[in-house]
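Given the structure is predicted, the values throughout are model-derived calculations rather than measurements. Chain A is the first sequence line, chain B the second, and so forth, proteins listed ahead of strands; every chain is numbered from 1.
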Amino acid sequence: MTNHWLMKSELDVYPWSQLQIDGWTHWDGVRNYQARNMMRDDMKVGDMVMFYHSNCKPPHVAGIARVRREGYPDFTSWDAKSKYYDEKSSPDNPRWFMVDIEPVLSFDSIVDLPSMRGEVNLEDMPLLRKGQRLSVQPVPEEHFEHILRMAGHTMEDVE
DNA sequence: GCCAACGTTGGC
DNA sequence: GCCAACGTTGGC
């Protein structure tokens, strides 16, 4: 059973184009317990991920990625030189977790936030709720598919 | 740049 | 355990 997710990245921190260049990346630096729990417990190899650019105009989904490695400790959390360092995390007792993702499909046309807000079918999508800030969130399959279609694609393009 | 929403921290 | 203060996120 494949699940669907949305992950946010700031455009000027780690953009979709960089993921394409890198081929895959570890999703390090998440320091929120809800998001951590999802990466540690719920995200499985093969799960689909909408790659969302935040902090840009307009914010948008740029493409689809896939989980290639399930939750494992975020090693930047015990690297004193990392900006994500957390003195309470250690290899023996890791506090933060991450997954690895790889790009699957680059959208022909991005799907921006105003467009998503205009869709009745996406009305109850968590992303669109005021004040929600989770950088990792689940996406119901029907929302996932709807956004794919908005981008001019179908589920077949990611299978 | 503003500010609302939310999470975290720490005093009590 | 409460809650005020503070920091961060992220759309606008």
Only counting residues at least two apart or in another chain, list the ones meeting side chain to side chain donor-acceptor pair (under 3.5 Å) with A:D92.
none
Find which nucleotide of DNA chain B each of A:R31 and A:K130 is nearest to by heavy atoms, and output the residue with the more 5' nucleotide.
A:K130
For A:R69, give me all partners under side chain to side chain donor-acceptor pair (under 3.5 Å), at least two apart in sequence or on another chain.
none
May I have the distance from A:L128 (atom CG) to B:dA5 (atom P), rounded to whole angstrom?
16 Å
Report each atom pair, protein N/O against N/O of nucleotides 7-11 of chain C, whose distance is under 3.5 angstrom.
{"residue": "C:dT8", "atom": "O2", "partner": "A:R133", "partner atom": "NH1", "Å": "2.6"}
{"residue": "C:dG10", "atom": "OP1", "partner": "A:K8", "partner atom": "NZ", "Å": "2.8"}
{"residue": "C:dG10", "atom": "OP1", "partner": "A:R133", "partner atom": "O", "Å": "2.8"}
{"residue": "C:dG11", "atom": "OP1", "partner": "A:Y52", "partner atom": "OH", "Å": "2.7"}
{"residue": "C:dG11", "atom": "OP2", "partner": "A:N55", "partner atom": "N", "Å": "3.2"}

Assign each of A:K57 and A:G131 to its nearest nucleotide of DNA chain B by heavy atoms, then name whichever residue's nucleotide is nearer the 5' end.
A:K57
For residues 17-27 of chain A, please give each side-chain donor-acceptor pair under 3.5 Å, one per line with the distance, not counting sequence neighbours.
{"residue": "A:Q18", "atom": "NE2", "partner": "A:D22", "partner atom": "OD1", "Å": "2.9"}
{"residue": "A:D22", "atom": "OD2", "partner": "A:Y14", "partner atom": "OH", "Å": "2.6"}

Among residues at least two apart in sequence or on other chains, which ones pass side chain to side chain donor-acceptor pair (under 3.5 Å) with A:H146?
A:E119, A:N121
Pairing residues for A:R117 by the side chain to side chain donor-acceptor pair (under 3.5 Å) criterion, not counting sequence neighbours:
none
